Amino acid sequence: MSYFTIKRSFFLVPSTTMLKEFEKIDKFLEILEKSGVGKIIASVKLVDKNCKGRKGYNPYNLFATIIYSFAKFKASLRDIEDKCIFDIRVQYIMEGKIPDHSTIGNFINLYILPYQYEIFTIINKQIIKELNLTISTVYLDGTKLEANANKYKFVWKPKKYHENLDIKIRNLIKDIGYVVNDKENKLITSNDFYIIELFGNL
């Protein structure tokens with residue numbers, strides 16, 4: 001069964017940029033579909049089928065909208081509501097429906113938070129599979145969570161820190177009396193200390 005499929009057509013003024021954006025969104029929805037996250041959402045039984053109240057929003061579209069908004073924008077609940085009204089990309093995912101911020105908040109609390117680890121684990125696994133990513137290398141970074149963080153704080157700060165730390169470590173090893181090979185321009189790793197312990201030099 002397909003969960004994340006756009007079923008409603010829209011009349012929009014065509015443009016090359018818009019079509020490219022819709023292709024990206026379709027790829028995003030395809031990843032969600034293949035991940036199996038739809039089965040988790042379908043398993044949440046919150047509504048009494050005998051209830052004659054107003055029909056709710058499509059939970060798969062709403063889930064995709066929330067994930068897309070948090071990934072693409074600095075979204076709050078009111079921002080997501082605003083995007084459903086004014087942003088064509090979000091309108092495309094929601095098929096023109098406009099949930100309010102309280103509906104979005106309730107959906108997050110009832111559908112996403114209780115299953116957050118399962119949901120994001122299977123989505124990450126699908127992204128790794130889809131994009132053929134390797135996760136054999138682990139990067140330790142100095143990411144700073146702050147209001148005005150930028151791309152350079154992720155790359156340059158930890159690199160400079162590790163270079164300075166490497167110089168201090170090399171000087172300490174030399175002071176102890178071990179030989180350090182400076183020919184290779186690489187940072188000292190924990191495995192290098194194991195070599196020093198076994199053979200007395202690096």
Side-chain angles (χ1 to χ4, degrees), residues 4 17 20-21 23-40 63-80 83 87 89-90 93 105 108-109 111-202:
F4 298 94
T17 307
K20 286 180 180 176
E21 282 299 313
E23 284 174 10
K24 291 177 186 175
I25 291 169
D26 288 337
K27 184 65 179 175
F28 163 71
L29 295 174
E30 183 185 335
I31 288 172
L32 290 181
E33 186 72 59
K34 289 180 179 177
S35 71
V37 71
K39 293 177 183 176
I40 295 175
F63 176 82
T65 298
I66 291 166
I67 299 301
Y68 181 81
S69 298
F70 281 130
K72 189 81 175 172
F73 317 109
K74 294 179 180 177
S76 66
L77 299 182
R78 290 186 185 274
D79 287 334
I80 297 172
K83 294 279 188 268
D87 194 298
R89 295 166 296 187
V90 179
I93 298 172
I108 291 171
N109 290 330
Y111 282 83
I112 298 177
L113 286 180
Y115 309 97
Q116 58 185 313
Y117 297 110
E118 296 93 331
I119 286 172
F120 293 108
T121 298
I122 61 175
I123 291 174
N124 280 333
K125 284 181 179 177
Q126 186 59 39
I127 290 170
I128 290 164
K129 181 180 176 183
E130 198 77 20
L131 302 178
N132 197 24
L133 301 175
T134 176
I135 56 170
S136 58
T137 304
V138 178
Y139 293 93
L140 298 175
D141 65 80
T143 305
K144 296 179 74 175
L145 301 176
E146 56 184 70
N148 300 313
N150 59 54
K151 60 185 178 181
Y152 300 107
K153 288 180 182 172
F154 179 86
V155 178
W156 296 110
K157 187 179 186 307
K159 185 174 186 292
K160 191 67 179 170
Y161 171 77
H162 287 130
E163 285 175 351
N164 291 338
L165 186 62
D166 185 73
I167 292 168
K168 291 178 183 176
I169 291 170
R170 286 176 185 275
N171 290 336
L172 281 171
I173 291 171
K174 285 178 183 177
D175 290 343
I176 295 170
Y178 291 114
V179 178
V180 179
N181 184 6
D182 291 323
K183 291 180 181 178
E184 296 181 24
N185 290 326
K186 68 181 185 73
L187 299 177
I188 290 178
T189 64
S190 57
N191 189 48
D192 294 333
F193 288 106
Y194 180 68
I195 294 169
I196 290 171
E197 186 179 348
L198 287 179
F199 305 107
N201 56 39
L202 178 62

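Please read these numbers as outputs of a predicted model, since none were measured by experiment.
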Find the distance between CD1 (Ile67) and CZ (Phe28) and round it off to the nearest 0.5 Å.
6.5 Å
Taking ring-ring contact (aromatic ring centres under 6.0 Å, His included) as the definition, give me every residue that meets it alongside Tyr115, ordered by chain and number, with sequence neighbours left out.
none
Atom CZ in Arg78, atom CD1 in Ile80: separation rounded to 0.5 Å?
12.5 Å
When rounded to the nearest 0.5 angstrom, what is the spacing between CD1 in Ile112 and CD1 in Ile66?
4.5 Å
For Ile25, check side chain to side chain contact (heavy atoms under 4.5 Å, CB included) against everything at least two apart and list the hits.
Phe22, Leu29, Tyr68, Arg89, Tyr92, Ile93
Considering residues at least two apart in sequence or located in another chain, which fulfil the salt bridge (charged side-chain N to carboxylate O under 4.0 Å, His left out) criterion with Lys129?
none
From Ile31 atom CD1 to Asn124 atom CG, the distance as rounded to the nearest 0.5 Å:
11.0 Å
Measure the spacing between CG of Leu172 and CD1 of Ile167 and express it to the nearest 0.5 Å.
12.5 Å
Apply salt bridge (charged side-chain N to carboxylate O under 4.0 Å, His left out) to Glu130 and list each qualifying residue two or more places apart in sequence or on a separate chain.
Lys27, Lys34
Give a yes or no on whether a salt bridge exists between Glu21 and Lys24, defined as a side-chain N under 4.0 angstrom from a carboxylate O.
yes
Checking Asp166 now: which residues fulfil side-chain hydrogen bond (donor to acceptor under 3.5 Å, both in side chains) with it, not counting sequence neighbours?
Arg170
Compare every heavy atom of Ile123 with every heavy atom of Phe63, then report the nearest pair and how far apart it is.
CZ-CD1, 4.0 Å
To the nearest 0.5 Å, tell me how far Ile40 CD1 sits from Ile122 CD1.
3.5 Å
Report the C-alpha distance between Val37 and Phe120 in whole Å, list the side-chain angles of each, state the deciding distance to 0.1 Å, and finish with yes or no for side chain to side chain contact (heavy atoms under 4.5 Å, CB included).
CA-CA 9 Å; Val37 71; Phe120 293 108; over 6 Å; no
Residues that Ser76 engages under side-chain hydrogen bond (donor to acceptor under 3.5 Å, both in side chains), provided they are two or more places apart
Asp79
